[in-house]
**Student:** 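Input: one structure, supplied below.
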Amino acid sequence: MRELRRQRTHRQCYNTITYIIVSNSRVKRSMRQWSDNHPKVKLLTRKRAAILDAAQEAFLQLGYEGASMEGIANAAGVSIMTLYRHAKCKETLFAAIIANVCDHSSEEKQAELDEMMRGPLKDVLVRAGVVFQEKLAGPQIMSLLRVVITEIRRFPNLAEAVYDAYFVAWSTNLDGFLAQKDEFKGVAPKTRKKLCEAFFSRLVGTDAIRVLLGMKGASAAERLERARVAAEELLAEVG
């Protein structure tokens, strides 16, 4: 009975994890966000960063089940009430950590994103494809994915939350970007969505499994070539 209640709680918690894609291709997670004109926005932003850092450390050191909201609050130097104002549950925190890798909210990262989005569409797609592969194979994402695999039987909804936070977010962001391009003006939204999903699917090779297992992944040249092919195949679909 206790296990059933716990599973029901996790299902309810998972339902709170929603993603809103905004026009500049940034993702806002279900962790609470404050407007820039909020009188305490700087303080709240620092607390949010401390919470994410503490949560990531807890998940990597203790595993998903071993990490507790109380322990995360203590490590972040905030009260448990403050933590729950930022995030409703552990799934929210875990998904936010994954999505945070894609975050471009800082001026420096936003400048990098703006630079990446300039130039011919094919070049933009190739650069995006390379960055996607680099981040996926990076130690932060891979370490968290290993936690998900370890905990998947006890917390099956966690995998979907993480998948949405990384893969779906990238695909949805690209979809929103392409919707504004002349080359895709006559493409139906459902078709464009499938093309974006296929683009990122082509970027995930068997080397991702190798990295997940702690082995050597693809080289920079291999990632570039894979991104180039994926970009050409996407653009070939729209003529």
Side-chain angles (χ1 to χ4, degrees), residues 10-33 52 55-56 59 64 87-105 109-110 113 116-117 124-138 140-149 151-152 155-181 184 187-205 207-209 211-212 223 226-227 230-231 233-234 237:
H10 282 293
R11 284 196 297 270
Q12 292 170 344
C13 190
Y14 172 74
N15 290 334
T16 69
I17 302 176
T18 56
Y19 302 90
I20 304 172
I21 311 301
V22 292
S23 59
N24 63 359
S25 298
R26 286 183 288 171
V27 182
K28 290 187 178 181
R29 274 78 57 199
S30 58
M31 280 191 74
R32 187 174 178 183
Q33 303 281 334
L52 286 175
Q56 177 172 317
F59 289 135
Y64 184 79
K88 294 182 178 180
C89 61
K90 287 198 296 183
E91 284 184 22
T92 304
L93 280 173
F94 201 95
I97 292 167
I98 295 288
N100 195 54
V101 177
C102 311
D103 186 32
H104 290 82
S105 57
K109 289 185 178 181
Q110 185 61 49
L113 178 63
M116 186 174 72
M117 293 303 178
V124 172
L125 290 171
V126 171
R127 286 195 294 269
V130 170
V131 173
F132 172 86
Q133 294 177 81
E134 289 175 345
K135 289 185 178 295
L136 177 61
Q140 184 180 18
I141 289 291
M142 280 296 163
S143 296
L144 292 167
L145 288 179
R146 293 183 188 110
V147 173
V148 174
I149 292 172
E151 306 283 8
I152 192 66
F155 305 98
N157 288 335
L158 185 61
E160 188 173 352
V162 170
Y163 182 83
D164 286 350
Y166 191 78
F167 296 99
V168 174
W170 272 92
S171 182
T172 306
N173 286 342
L174 179 61
D175 186 22
F177 172 74
L178 294 180
Q180 303 173 41
K181 293 297 180 180
F184 285 80
V187 179
K190 287 185 178 180
T191 300
R192 192 179 61 241
K193 178 182 178 182
K194 289 182 179 180
L195 289 174
C196 292
E197 292 171 348
F199 173 76
F200 288 109
S201 293
R202 294 186 183 106
L203 297 174
V204 183
D207 54 277
I209 303 299
V211 176
L212 193 60
R223 289 173 184 161
R226 188 179 295 154
E233 292 183 356
L234 188 156
E237 292 287 342

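For the numbers below, each heavy atom of this structure counts, side chains included, while hydrogens, waters and symmetry mates do not.
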**Student:** Who are the ring-ring contact (aromatic ring centres under 6.0 Å, His included) partners of Phe200, not counting sequence neighbours?
**Tutor:** Phe132, Trp170
**Student:** How far does CZ of Arg202 sit from CD of Glu233, to the nearest 0.5 angstrom?
**Tutor:** 4.5 Å
**Student:** I'd like to know whether Lys193 forms a salt bridge (Lys or Arg N to Asp or Glu O under 4.0 Å) with Asp175, so could you lay out the CA-CA distance, the side-chain angles of the two residues, the decisive distance to 0.1 Å, and finally the verdict.
**Tutor:** CA-CA 6 Å; Lys193 178 182 178 182; Asp175 186 22; over 6 Å; no
**Student:** Closest heavy-atom contact between Ala161 and Ala95?
**Tutor:** O-CB, 4.1 Å
**Student:** What distance do Glu91 atom CD and Glu160 atom CD have between them, rounded to the nearest 0.5 Å?
**Tutor:** 10.0 Å
**Student:** Under a 4.5 Å cut-off applied to non-hydrogen side-chain atoms, are Gln140 and Lys135 in contact?
**Tutor:** no
**Student:** Can you check whether Val211 reaches Leu136 side chain to side chain, under 4.5 Å on heavy atoms?
**Tutor:** no
**Student:** Heavy atoms only: give me the nearest Val126-Ala231 pair and the separation to one decimal.
**Tutor:** CG2-CB, 3.9 Å
**Student:** If we only count heavy atoms from C-beta on, is the Leu234 to Leu125 side-chain gap below 4.5 Å?
**Tutor:** yes
**Student:** Measuring only between side-chain heavy atoms, which start at C-beta, is Leu93 closer than 4.5 Å to Phe59?
**Tutor:** yes
**Student:** Mind checking ring-ring contact (aromatic ring centres under 6.0 Å, His included) for Phe199 and listing every partner two or more places apart, or none if nothing turns up?
**Tutor:** none
**Student:** Rounded to the nearest 0.5 Å, how far apart are CD1 of Ile149 and CG of Leu158?
**Tutor:** 11.0 Å
**Student:** Closest approach of Leu203 and Ala230, non-hydrogen atoms and distance?
**Tutor:** CD2-CB, 3.9 Å
**Student:** Out of curiosity, Asp207 CG to Leu212 CG, how far, rounded to the nearest 0.5 Å?
**Tutor:** 11.5 Å
**Student:** Passes side chain to side chain contact (heavy atoms under 4.5 Å, CB included), Leu195 versus Phe184? Steps please.
**Tutor:** CA-CA 11 Å; Leu195 289 174; Phe184 285 80; 4.2 Å; yes
**Student:** For the pair Thr191 (side chain) and Val187 (backbone), establish whether a donor and an acceptor sit closer than 3.5 Å, ignoring hydrogens and angles.
**Tutor:** no
**Student:** Can you tell me how far the CG atom of Asp164 sits from the OG atom of Ser171, to the nearest 0.5 Å?
**Tutor:** 11.0 Å
**Student:** I need the Tyr64 OH to Ile152 CD1 distance, nearest 0.5 Å.
**Tutor:** 11.0 Å
**Student:** Heavy atoms, side chains only, cut-off 4.5 Å: are Phe94 and Val147 in contact?
**Tutor:** yes
**Student:** Nearest heavy-atom pair of Arg223 and Ala137: which atoms, and what distance?
**Tutor:** NH2-CB, 3.4 Å
